[in-house]
Structures are given as structure tokens and as C-alpha cells.
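Taking it in order: structure first as C-alpha cells, then the write-up.
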Amino acid sequence: MVLAGAGSGKTRVITYRIAYLIRNEGVAPRNILALTFTNKAAGEMRHRVDTLLHRGSSSGLWIGTFHSVFARLLREYIHLIGYDRNFSIFDSEDSKSLMRQSMSELDISQESVPVNTIQGMISRAKNSFILPAEFHSKASDYNQQKASQVYELYTRKLRENNALDFDDLLIKPIELFNARPEVLSELQEMFRYIMIDEYQDTNRAQYLVAKMLGARHRNIFVVGDDAQSIYSWRGADISNILNFQDDYNDALTFKLVENYRSTGNILKAANSVISRNQRQIKKELISHRDEGEPLTLIEAFNERNEAEKIGNYIHSLRSKQGYEYRSFAVFYRTNAQSRVLEDLMRQQKIPYRIFGSVSFYKRKEIKDAVAYLRFILNERDSESLLRIINFPPRKIGEVSINKLKEFAEKEDITLYEAIRGAAEGGFPARLLNALNSFSSVIEALKVLRESGTVFDVLTELFSLTSIPLLLQAENTPESLARHENLQELLSMARDFSDHNPDTGSLSDFLENISLASDYEETQDSDNFVSLMTVHAAKGLEYPVVFVTGLEERLFPLNCYEPEELEEERRLFYVAVTRAQEKIFLSWAQSRYQYGQQHYCIKSVFISEIDSTIVQTESGTLLSDRLVKEKSESGFSSQSGRYQSKMATPSPAAATSGGQPKPARSGLRQGTMVHHALFGPGTVLDVQGSGAKQKVRISFRSAGEKTLMVQYANLKIQQ
């Protein structure tokens, strides 16, 4: 096992080993099996081997992804377990269609359990090598019980179709080897040298196949980094790499820890954070370069201010130090966070490109929701109407829509007028009910548009259609990401309404979105700032990196179990080790989430970094600032925390340039205070002390609220 730390040259390890075995040891290429996770990695590996050997010696090699190699093996042997060799491979949509058929036959409605939920559960089961019978025996809740019924029927239908889905490509070899030991024996003899890249990302099925193939010669060579295991939600099992020494107790382990990418301080930060994980193989990266600059901590008032500061740093570093736009990358934990950053990039005329996703305003769920808003403003907009008439699904099919179009043309009315007057067109009752349901939503939103804010309209849209709830119910990574995007749109509407209480019309809001969505990401140049989630950043590197949104419940993201926090910490480690020269860590004191402004707690990951290598925006080392705060505020030996006597200035006061008098910990009943969001109020009660002190306040306009003092940003009124 080669534990290859970030930036240690992992990519060349397997290729040089393959070249050495062929050139120096005389191993036949057909006896070497090299498994990767992407076609790109497999192609690069083959190209490098050819380059090293100065001839096309990779032609006999088995190099490829797990799926492609196993598909090739199954073409050769699958007839031995009852399939025809010319089996079909169903993609995700084919698979989903067959599941829908199975659900229909079992009388399981998609309203009760979404097909995406079923598909996700079956896929996770297959990746863990849990077959239908075992899945059925373990099914506990309603969704699992329904999924177990579908799993069994779906499996039978796949066989009837002589088809495999992508997950079958991983589990059918195991079924083959168990049923026909002579095939396994033949392949064990052929694959004398097995090499696996990114071993920390393997799932249970991949682990089992590799173990079975390597059992005879025990010549298995894996490369990976447990500190970069960040795909448990896709089925990756970190236990495979952590327990490698237990599976092969005579195995040799090598650690590649010299990093050729990052400065010393960047690696110190990464080491200090990842060392907190309990489930890991201990190693510490060392730098091939000098110490470099300290990391910079950006502390912002809100997400807008955070984005502005990032834009300002990009402009400053370009003008003062000559960096190109391509030198910068901005990372975030969730896709929804890209919206504010994109808005800022456009405003400051910074060219950018989204990696691993599409621009916020071009995401399907955003375009669907915006289409509703466009339509209630302009009911002649048939394009928007056709987009939303079946969002969410209302079973209004293409045939019905065409008949409605014919009816509208015959009566010389708009398509929406045809929908409203469909009862006169002789349409069936089922369709009339669906059309009435749709038009009632539209009419209710049109009424609210006249009296409510954009935020009110969007909130009512989500309530009437239950779109966010439907996405939550699917409970897949994709649906939850779409749900987050819709909540970010809601936050955008709230922000717009709050900042334009008298002039913020729906048409103005839509105009802003139109201008933003019409922005063309840079196509004619490779000189742009890269925006992406941390997951999308794995394997990449940039001179300057910004890691944004470092707040509790955002990064780390809603961790309730120790293993979840450890994976978030590994994700942060991946983010930090992408940086070559400079890294900026940012957090916001408040952030709009789910349409409400929330006050935020700084991420635990920031406190886990050695404070002597982190500087504030003014250039002061964080360790020096903490010493100063300790002397000014006192230190509680009981809690182990600094108990500041001062609250942070409110975002509103700070952005206006004012110097508010800070609220002190001596708040008492009757104290008059001002809050940035809730306005003026009177303290009713103070509970607790120090970092956990809470205050109950009666606000004139917002009513009674209980707030944490250290995050409330209160200003005492004289």
C-alpha cells in the first residue's frame, strides 16, 4: 500500500511501476490489471506507460475503470450465469424507467415514494453488495420496505431484458466468481499484478472483486490517501484503505509525504486540522518549498460582504503581484453558495467559470421557479407556461397540451385562457381537475403579487406546490442540492425585498435575474476565476485559493455523528491542499438561509489551525490577536474559552462606516438595544454568562426574540 499524500506525485506511482514490471522484470502486459475511477485517468495512465516504454507496449494491458474492465470480463463469461453475451447496459434513465414500470406493477405511487429515492436506495445497496433478499430482511421503515419490493421485481425485469445497470457491472463479477470458481481461478492466474488507484474511494463491491482476484498471488498494489476519502455519500468505504493491513498482514506500506505543490504554512494548516481525526493512518506532509506566507482569515459581515472582499483581493493581487485570473479558485461547500459569488463576479467584471455544475440561474429548478414568477407577471408567456404546467408533475401529458393548443387556436385565445376555459372544450374530468389545480395556484399568486413582496410570492409558490418538500422527500444528494438551490433563491428574494421595501417590484426582481442569466461565462479565453464545490476541486491545484463559508452547519455541514465530522474535516483538508502559494479562509457573521437571516458561528476548522500561521486582514497574526483579546477580555479556565466583554459590531453599522458603542456583557433587564435586523428593543431577561449567555428582547416591530449575546451584534442605545 502506497499512502500518497496530497501533491506528492501519486499519479506517477502506478505508471512507473507498470513500466518497471514490463521493462525490467519481463512481465507480460496481459498479466497486469490496473483499475482507476475515470476514463480520463485510465487514458492518461496508458499514455504515460507508452511514453515511458517508447513503444506501444500498453496494448495488452488491462487498464481501465472498474466499470469498463468488469464489463469486458462479463462479455466473455456472463453466459455461464444465464445471460446472453450481447447484454444491454442500462444507463441511469433506462434504469429509472424500468423502476417506474416495477412500481406501477406493484401499485406503489411516486407520490408516496419518489422513483429517485428508490433508485438511490437500490444503487447504495448494490454498491455495498446487498442483494434483494438481504435488503428485504433489513428493511425497517416504509421507504425501505417499498424499495425492497421494487428491488426484487426490478432485478427480475433486468434479467428478462438481458440487461445490466451500471451497479450490476460491479456485483455480477462476484456472482460469477461464486457460481463458477474455475473462472475465478483462470482470472487469478492471468491477473498476477493488480494495481488500484484512489483506493480510498472504493466501495464494498469493488473491494470484494479486487480481493477475490488477488487472492492467489496476493500481489495487490493500491495507491490512495485516507485523508482524501470524501465520497461516502457515493458509497465509498474508508474502511477498505484503513483495514488494508488487516486484510494483508504481511503487506508493505509506504508513505509519500513530501508535497511538491504547496508552501510549508499551507501544509502545516492541513496537518494540524487532519490530525484531529481518530480514524486515519497517521502521516504528516512536508513541503518541498519554503514556508511561504501565513494563511489569511477573512471575517465578513454577511455573504455579500464576503463575496466583495474576495473580489477585492482578486483585483489587488492582480494589480500588485501580477496574478492572472486563472490563478484563482473559489471553493464552497454547497452548490447554492455560488449565487452570491457569481453576482459579485459579474458586478466587478471578473471573468469566471463554474466547474462541476452550471451557473446558478441556469440550473433547472431555478429556471422552473423563475418561470412561475414570469408567468404570473405575463400570462401570455406561453414558453414559461409550458415549462411549469407539469412542474411539479400533474400528469398533463403532451397529447393533452397539444389539444389545448388546438382549442386555443380555434377560439383565438391564449393558451392560459384555454386552460381556464377548458370545461367548455369537452376535455375529460381527470384533465380538468389537473388544469384547475394548476390555474388555482397561478390565480392565488397573481393576487399576492399585487399586495405582497417578491419573498411573499415565492414563499407562497413553494407552499402551494410543495416543490421543496418533494425534493426533500426524494432524499438523494441531487434532490437535496436542488432543494438548497431553491432555498437560496428564496434567500435572494428575501434580501431583495428587505433592501427594496418600497420599490422592489416583481418585474425588477426578474429583470435582475434576466441580466444575470444572460451573462455568458468566458468561452473565448482560458483566463478566468474558477468557482466550484470542494468535492469538484479534488485533484486540482491553483496558486491562490479561497475557501468560503467556514461556518458551523455549513462547513462542516450539519454533522451529527463523529464519522460525518471526520469526513467534513477530510474535505477541508482537500480544500486547503489545493493551494500552491496563498490561501484565504472566509466566514460571515450572518447569512441568509431558507429566506431568513441567521447569525453564524465560526467553523471549528479555523480554530484547529495553528494560530501562529494565520493572519487577519490587517496582517496581524491570529495568535497575537488572541493574546490581546485574552488580556482585554479575560480567560475562563473552567470553559477553556475566551469570554469577550464586547459584542461584534453589527453589519449595518460597520458597512455604513459608523462606530457603534459595543454591547457589553453587563446587559440587564430594561437595557435599550438595537439589532441590525430586528431594530430597537428592550431587554426582558438575561440568562447564563460568558460564551453561552442568552438575552431575551422585546423588539418594537419583530416581537420577542431570544438571542445568543456573542452572536447577536447588539448596540446599546444611550
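Since the structure is predicted, the reported quantities are computational estimates derived from the model, not experimental observations.
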| task | Write out all pairs satisfying salt bridge (charged side-chain N to carboxylate O under 4.0 Å, His left out) with one or both partners inside residues 544-559, taking only residues at least two apart or from two chains. | result | Glu551-Arg591
| task | Could you tell me how the ring of Tyr199 sits relative to the ring of Phe244: parallel (under 30°), tilted (30 to 60°) or perpendicular (over 60°)? | result | perpendicular
| task | Tell me yes or no: between the side chains of Ser338 and Arg363, is some donor less than 3.5 Å from an acceptor? | result | yes
| field | Counterpart residues, side-chain hydrogen bond (donor to acceptor under 3.5 Å, both in side chains), relative to Glu608 (two or more places apart) | value | Arg569
| How about Lys282: does its NZ atom have over 12 heavy atoms from other parts shown lying under 6.0 Å from it? | yes
| said: Between Glu306 and Ser586, do the side chains contain a donor N or O and an acceptor N or O under 3.5 Å apart? | reply: yes
| field | Within 45° cone of Trp62 ring axis and under 6.0 Å: Arg72 NZ or CZ | value | yes
| message | As an exercise, state the distance from NE2 of His67 to CZ of Phe70, rounded to the nearest 0.5 Å. | response | 9.0 Å
| query | Between the side chains of Glu324 and Asn527, does any donor sit under 3.5 Å from an acceptor? | reply | yes
| message | Checking the side chain of Gln348 only, and the main-chain atoms of Met345 only, is there a donor and an acceptor separated by less than 3.5 Å? | response | no
| task | Indicate yes or no for a side-chain donor-acceptor contact from Ser68 to the backbone of Gly64 under 3.5 Å, with no hydrogens or angles considered. | result | no
| query | What do you reckon, are the aromatic ring centroids of Phe221 and Tyr193 less than 6.0 Å apart? | reply | no
| task | Examine Phe605 together with Phe572 and report whether their ring centres are nearer than 6.0 Å. | result | yes
| Can you list the residues that meet the side-chain contact (heavy atoms from CB on, under 4.5 Å) rule with Glu561, with sequence neighbours excluded? | Glu563, Glu564
| Residue that, paired with Asp225, satisfies salt bridge (Lys or Arg N to Asp or Glu O under 4.0 Å) out of Lys283, Lys10, Lys538, Arg570 | Lys283
| query | Do we see a donor-acceptor contact under 3.5 Å between the side chains of Ser232 and Glu567? | reply | yes
| Are Ser359 and Glu342 linked by a side-chain donor-acceptor pair shorter than 3.5 Å? | yes
| field | Pair Tyr20-Glu25, side-chain donor/acceptor within less than 3.5 Å | value | yes
| field | Sequence-distant partners of His217, ring pair (Phe, Tyr, Trp, His ring centres under 6.0 Å), two or more places apart | value | none
| request: Applying side-chain hydrogen bond (donor to acceptor under 3.5 Å, both in side chains), name anything that partners Tyr323, two or more places apart in sequence or on another chain. | output: Glu581
| field | Tyr542 and Phe331 aromatic ring geometry - parallel, tilted or perpendicular at 30°/60° bounds | value | perpendicular
| request: Would you please indicate yes or no on a ring centroid separation below 6.0 angstrom for Phe37 and Phe66? | output: yes
| Which pairs, with at least one residue in residues 255-265 and sequence neighbours excluded, count as a salt bridge (charged side-chain N to carboxylate O under 4.0 Å, His left out)? | Arg261-Glu541
| note | Sequence neighbours excluded, the answer for ring pair (Phe, Tyr, Trp, His ring centres under 6.0 Å) partners of His483 is none
| query | Does any donor atom in the side chain of Ser272 or Asp610 lie under 3.5 Å from an acceptor atom in the other side chain? | reply | no
| Step-by-step side chain to side chain contact (heavy atoms under 4.5 Å, CB included) determination, Trp587 to Ile606 | CA-CA 10 Å; Trp587 75 287; Ile606 294 174; 4.2 Å; yes
| said: Working to the nearest 0.5 angstrom, can you tell me the gap between Leu557 CG and Phe555 CZ? | reply: 9.0 Å
| query | Do you know which of Val223, Leu252, Ile241, Asp247 makes side chain to side chain contact (heavy atoms under 4.5 Å, CB included) with Met1? | reply | Ile241
| query | Does a donor on one side chain and an acceptor on the other come within less than 3.5 Å for Tyr573 and Asn271? | reply | no
| task | Evaluate side chain to side chain contact (heavy atoms under 4.5 Å, CB included) for Ser95 paired with Gln119, printing each intermediate quantity in order. | result | CA-CA 8 Å; Ser95 167; Gln119 187 178 42; 3.6 Å; yes
| said: I'd like to know if the side chain of Arg216 pairs up with that of Ser185 as donor and acceptor (distance under 3.5 Å, no hydrogens or angles considered). | reply: yes
| field | Residues, nucleotides or ligands: over 12 heavy atoms within 6.0 Å of Asn39 CG | value | no
| task | Measure across Tyr260 and Ser8 and return the closest heavy-atom pair with its distance rounded to 0.1 Å. | result | CE1-O, 4.0 Å
| request: Not counting sequence neighbours, which residues clear side-chain hydrogen bond (donor to acceptor under 3.5 Å, both in side chains) with Asp168? List them please. | output: Lys126
| request: Answer yes or no: is there a donor N or O on one side and an acceptor on the other, between the side chain of Arg30 and the main chain of Phe191, under 3.5 Å? | output: no
| request: Apply side-chain hydrogen bond (donor to acceptor under 3.5 Å, both in side chains) to Glu568 and list each qualifying residue two or more places apart in sequence or on a separate chain. | output: Arg333
| request: Report yes or no: do Asn259 and Ser287 form a side-chain donor-acceptor pair below 3.5 Å? | output: no
| request: Name all residues meeting the side-chain contact (heavy atoms from CB on, under 4.5 Å) criterion together with Ser618; count only those two or more places apart in sequence or in a different chain, and write none if there are none. | output: Thr616, Thr620
| Residues Gln280 and Gln278: side-chain donor-acceptor under 3.5 angstrom | no
| message | Cation-pi check for Tyr325 against Arg318: NZ or CZ below 6.0 Å from the six-membered ring centre and within 45 degrees of the axis, yes or no? | response | yes
| field | Rounded distance [0.5 Å steps], CG in Leu53 versus OG1 in Thr15 | value | 10.0 Å
| Does Tyr332 have any ring pair (Phe, Tyr, Trp, His ring centres under 6.0 Å) partners at least two apart in sequence or in another chain, and if so, which? | none
| query | Does Leu621 have any side-chain contact (heavy atoms from CB on, under 4.5 Å) partners at least two apart in sequence or in another chain, and if so, which? | reply | Pro294, Gln615, Ser623, Asp624
